[in-house]
Amino acid sequence: MAASGAGDSLDAKSGKAPVAQRIDPTREKLTPAQLQFMRQVQLAQWQKTLPQRRTRNIVTGLGIGALVLAIYGYTFYSVSQERFLDELEDEAKAARARAMERASGP
């Protein structure tokens, strides 16, 4: 199932190195040695990308954590603002009541 010229270092037409073909081990009969080699290559590729993936995971986790803390902080801030507005409303009601007493008093 190898492409023509798979052993060549460069493809004659495009001047590029040959690309490995994707195979499905469940459809094609592979020897145990070939399967072991595939596992070794997959493990090597996984270990090669592990530091980059770990860094991305840490950055993503910190970003999500910062977002959660921001939402949490904003919630507390807005609740404290509501209390402040309630106090202003109570003061406004008291001022209106005093104004009504003054207006109807004399």
Side-chain angles (χ1 to χ4, degrees):
M1 292 270 163
S4 63
D8 299 337
S9 61
L10 290 176
D11 188 9
K13 294 178 186 173
S14 63
K16 295 180 181 177
V19 179
Q21 283 186 321
R22 223 176 247 280
I23 60 170
D24 186 4
T26 58
R27 290 186 182 171
E28 297 185 28
K29 302 292 183 191
L30 299 176
T31 64
Q34 288 173 324
L35 291 173
Q36 178 62 26
F37 179 71
M38 284 177 55
R39 285 188 207 106
Q40 285 178 347
V41 170
Q42 287 174 346
L43 181 63
Q45 288 174 343
W46 185 78
Q47 288 175 344
K48 182 180 176 184
T49 59
L50 184 64
Q52 183 181 13
R53 192 175 327 124
R54 184 175 291 143
T55 302
R56 285 183 185 170
N57 286 347
I58 290 171
V59 169
T60 301
L62 289 174
I64 291 171
L67 180 66
V68 167
L69 288 176
I71 292 171
Y72 188 72
Y74 177 75
T75 302
F76 270 98
Y77 176 75
S78 64
V79 167
S80 68
Q81 287 294 321
E82 287 177 14
R83 287 188 201 144
F84 177 73
L85 292 176
D86 288 342
E87 290 173 6
L88 283 178
E89 237 177 75
D90 292 341
E91 289 177 14
K93 285 180 184 177
R96 279 191 218 117
R98 281 181 287 192
M100 293 296 279
E101 287 175 10
R102 287 184 191 150
S104 64

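The figures here come from the full heavy-atom set of this structure, side chains too, leaving out hydrogens, waters and symmetry mates. What you see is a predicted model, and the numbers here were worked out from it, not measured in a lab. Numbers here simply count residues along the sequence, with the first being 1.
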T75: partners by side-chain hydrogen bond (donor to acceptor under 3.5 Å, both in side chains), with sequence neighbours left out: none

Do L43 and R39 have side-chain heavy atoms sitting under 4.5 Å apart? no

Should side-chain heavy atoms under 4.5 Å link Ile, Leu, Val, Met, Phe, Trp and Tyr, which residues sit in the same cluster as L69? none

What pairs of residues pass the side-chain hydrogen bond (donor to acceptor under 3.5 Å, both in side chains) test when at least one of them lies in residues 50-59, not counting sequence neighbours? T49-R53

Summary of ring-ring contact (aromatic ring centres under 6.0 Å, His included) pairs that have at least one residue in residues 18-76, sequence neighbours excluded: Y72-F76

List for me each residue that meets side-chain hydrogen bond (donor to acceptor under 3.5 Å, both in side chains) alongside R22, sequence neighbours excluded, and say none if there are none. none

Which heavy-atom pair separates E91 from R98 by the least distance, and what is that distance? O-NH2, 4.3 Å

To the nearest 0.5 Å, tell me how far Q34 CD sits from M38 CE. 9.0 Å

Which residues share a side-chain contact (heavy atoms from CB on, under 4.5 Å) with T60, sequence neighbours left out: I64

